[in-house]
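Order of the sequence lines fixes the chain letters, A, B, ..., with proteins taken first and strands second; residue numbering starts at 1 for each chain. These values consider heavy atoms only, across backbone and side chains, with no hydrogens, waters or symmetry-generated copies.
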Number of protein chains: 2
Amino acid sequence: MMQLKNQVEWALHCCSVLAALPEGKTVPAKVLAEFHGVPREYLAKAMQGLAQAGIVAGTLGPTGGYRMAKDPSDVSFLDIVEAVEGKKSTFACSEIRMKNPCMTKQERKCVGERPCGIAKVMWDADEAWREHLRGVLLSDLVAAVGEEVPSEVLVKGEAWLNDRC
Amino acid sequence: MMQLKNQVEWALHCCSVLAALPEGKTVPAKVLAEFHGVPREYLAKAMQGLAQAGIVAGTLGPTGGYRMAKDPSDVSFLDIVEAVEGKKSTFACSEIRMKNPCMTKQERKCVGERPCGIAKVMWDADEAWREHLRGVLLSDLVAAVGEEVPSEVLVKGEAWLNDRC
DNA sequence: CCTTTACGGATACTATATATCCGAAATAGA
DNA sequence: TCTATTTCGGATATATAGTATCCGTAAAGG
């Protein structure tokens with residue numbers, strides 16, 4: 001099916017929450033999970049990925065949890081997606097052109113000097129995808145949410161978070 | 001990992017072969033599989049997908065096999081990829097924003113009128129990917145192969161195919 | 001000292017991708 | 001007419017990746 005993991009969606013939403021948080025505040029994975037209605041333990045794995053990528057920072061102990069490690073205007077969608085999904089291309093070239101039964105060893109070497117034309121197209125498409133995600137910043141998302149979501153909902157959400165961390 | 005099926009790669013290479021074929025000639029899946037060094041039965045499934053999408057046409061009986069059903073200049077990479085992989089987006093929005101515990105039914109309805117901002121970005125990225133693949137035609141690939149692959153190799157390949165269909 | 005947290009590893013479970021097999025229908029040639 | 005060859009669709013098996021949970025450790029706050 002060629003789908004991104006659901007953890008990617010969760011990570012994006014969690015970053016959206018963390019980026020809108022007042023300076024210094026942290027939110028534990030447990031609360032983020034409850035807020036989004038997703039399994040805590042599994043979401044934790046995604047958050048670990050974000051932490052490992054230096055996007056968020058986790059602090060230990062009670063009153064601990066996650067906060068942004070970078071300014072939201074310095075984090076792109078691509079950063080977040082790659083942190084949990086990995087950086088591999090969606091197209092894996094297995095060089096089947098080389099299995100052509102009617103090439104000599106020398107011809108194989110000659111052809112092998114150039115990249116496979118099919119792979120090149122697929123990889124360029126991947127790059128177009130990445131380029132789009134690279135162009136949207138977490139700060140853009142926060143701004144859009146601020147415009148599109150009724151302020152009362154935002155206020156209630158903030159209060160709900162304040163209530164439990 | 002979020003990878004395309006290997007059948008996508010096979011289908012692209014097979015189309016590259018079929019598109020360079022002289023008018024009226026057909027190549028059975030068995031031969032295409034041997035030419036690319038991939039399992040016959042499984043490649044057959046990919047070819048069925050291409051046939052169902054109207055990209056290639058399969059003819060029955062001895063001397064049967066596959067041929068292009070459209071002009072190569074009328075078939076894009078996207079057509080081939082979608083025929084095998086399907087047309088679903090790589091990002092599935094599960095609307096977890098709606099699971100926010102502090103929204104009333106009415107607020108939920110209000111928010112639900114606009115599409116999720118995160119999904120919109122991801123879907124736009126998908127569209128950029130598709131747009132790139134839409135812009136490269138099978139005829140472009142054939143032309144590139146003609147330029148980049150030594151003509152002796154092409155001639156030998158053609159002869160090899162003539163030998164068995 | 002006790003609770004809460006992130007972190008990392010180990011372990012199930014589930015869904016998808018990969019691969020094979022079989023029977024049916026069609027077709028060309030003997 | 002008979003046989004060989006092909007596509008086609010369905011059924012089935014296997015491998016791999018995604019989903020989810022559990023546990024022990026270390027760190028930090030009250």
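Judged by distance alone, the side chains of B:N100 and A:K156 never bring a donor and an acceptor atom under 3.5 Å apart.
Atom CG in B:L60 sits about 8 Å away from atom P in D:dT7, given to the nearest Å. Put simply, CE on B:M2 is 15 Å from P on C:dT16, counting in whole angstrom units. As rounded to whole Å, 7 Å separates atom P of C:dT18 from atom CD of B:Q7. Rounded to a whole Å, the CD1 atom of A:I55 is 17 Å from the P atom of C:dA6. Atoms NZ (B:K88) and C1' (C:dT16) sit 11 Å apart, rounded to a whole Å. Here C:dT14 presents its C1' atom at 15 Å from NZ of A:K5, a figure rounded to the nearest Å. Put simply, CH2 on A:W10 is 7 Å from P on D:dT19, counting in whole angstrom units. Rounded to whole angstrom, the span from the CD atom of B:E85 across to the C1' atom of C:dT16 amounts to 11 Å.
Note on A:E95 versus A:R97: salt bridge recorded, some NZ/NE/NH1/NH2 to OD/OE distance being below 4.0 Å. Ion pairing between a basic and an acidic side chain is recognised when a charged N comes within 4.0 Å of a carboxylate O; B:R134 and B:E127 show such pairing.
When all heavy atoms of A:A83 and A:L50 are compared, the closest pair comes out as CB-CD2, 3.9 Å. For the residue pair B:L43 and B:C14, the shortest heavy atom distance occurs at CD1-SG, 3.8 Å. Shortest non-hydrogen contact noted between A:C102 and A:E107 is O-OE1, 4.2 Å.
In this model, the phosphate group of D:dA17 is not approached by any side-chain N or O of B:Q3 to a distance below 4.0 Å at OP1 or OP2. When the side-chain nitrogen and oxygen atoms of B:Q48 are compared with OP1 and OP2 of D:dT7, none of them lie within a distance under 4.0 Å.
Contacts between residues 16-27 of chain A and DNA chain C, defined by a heavy-atom separation below 4.0 Å, involve no residue at all. The stretch residues 29-47 of chain B touches DNA chain C through B:P39, B:E41, B:Y42, B:K45, each having a heavy atom under 4.0 angstrom from the strand.
To the nearest 0.5 Å, atoms CH2 (B:W10) and OG (A:S94) are separated by 8.0 Å.
The ring pair (Phe, Tyr, Trp, His ring centres under 6.0 Å) analysis of residues 140-165 of chain A, with sequence neighbours excluded, yields the pairs A:F35-A:W160.
Enclosure of atom NZ in B:K30 is not indicated, since only 12 or fewer non-hydrogen atoms of other residues, nucleotides or ligands lie within 6.0 angstrom.
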